Amino acid sequence: MTTTVPAIYAFPEFSGVAAAVADHVVAAQNAALSGNSKGSSSGSSTGGGSNTPTNSHSRTHSTNTSHSRNGGGDGSSGGRRFKIGLSGGSLIAVLNEGLLARNDVLWDKWDIYFADERLVPFSDPESNYGLVKRHLLDLIPEDKPRPRVFHVDESLIDDAQEAADAYEKTLIRGFAAKDSVKLPMFDLLLLGCAPDGHTCSLFPHHPLLRENLAWVAPIEDAPKAPARRITLTLPVICHSHRVTFVVEGQVKAPIIKTIMERPEKGSPCSLVNEGAAGKVSWFVDDEALTGVFVTKKEYKMQVK
Ligand SMILES: O=C1O[C@H](COP(=O)(O)O)[C@@H](O)[C@H](O)[C@H]1O
């Protein structure tokens, strides 16, 4: 039986959030690579070898470039890949602290996609890919293998529709032909929630919340700068095997209260809680739950 009430894990400190999120990610990785992620038949875990992903280190570490072309892995996971979608924003500091501290992240089995992207140059501090590159990918120890990274085409940042169409094609190549699966299925999507209630680049009350055909949609009028962005759509988000929100800080408490206690208000995060019911987790610090009445669960580390 599923429930629209998500699992909510709260921690007193940022470090607790970071450690638990990292454990949750590695558990999802292990499940995907061992074939235990549901839905692999719709393309969640087989390699998308025809893509030409960017290897984040390929320019500086040419000995690692083979990882950007090899969709097959080393055989121990039967060629399966861990398909993860990352958001930008505060999430990346959590991943920096949590993931980089672990030695069981099988980076070379990861296909990293983006839940949304702000259409600015990668060097701009607002770029989600730029943030992930600087604070995560570039910091993977040199002796570790590299993930495959599928980011927006930087040459298309002046045209949101073109950028969205091109990124949708990237997903189609990575997951399966759009006419053979209705929706791609990520093994794990990591999402944030902004104080105004947006997640990915889906903003409260925006018509994009009703998009049900495209996998990736453009937005030109985002209420928070930069206005031009692309985003995964709600059906894609809700089709993921796991959807995990990571949120900290008292500034987020009012919106979390609305999301959890007033789902009828239709906040984008409430729509995800409902649309992905049974697959949604929230990892938060205690401050983000100030004045919020929810049942919290104790997080038990899954990976020994
Ligand atoms: O604009 C964005 O904001 C959200 C939330 O960011 P946060 O810093 O408040 O966690 C983020 O998840 C999204 O990827 C980004 O484009």
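Remember, it's a predicted structure, so these values are computed and weren't measured experimentally. Read the numbers this way: they start at 1 and go in the same order the structure lists the ligands and their atoms.
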Might you list the protein residues in contact with ligand 1, defined as having a heavy atom under 4.0 Å from one of its atoms, sorted by chain and number?
Ser87, Gly88, Gly89, Ser90, Asp116, Arg118, Asn128, Gly192, Cys193, Ala194, His198, Cys200, Arg229, Lys252

Under the ring pair (Phe, Tyr, Trp, His ring centres under 6.0 Å) test, residues paired with Trp110 that sit two or more places apart
Phe82, Trp107

Sequence-distant partners of Phe14, ring pair (Phe, Tyr, Trp, His ring centres under 6.0 Å), two or more places apart:
none

Can you list the residues that meet the ring pair (Phe, Tyr, Trp, His ring centres under 6.0 Å) rule with Phe283, with sequence neighbours excluded?
Tyr9, His24, Tyr299

Enclosure of Glu13 CD (heavy-atom neighbours >12, cutoff 6.0 Å):
no

For the residue pair Tyr113 and Phe175, categorise the inter-ring angle as parallel (less than 30°), tilted (30 to 60°) or perpendicular (more than 60°).
tilted

Parallel, tilted or perpendicular for Phe122 and Tyr129, by the 30°/60° rule?
perpendicular

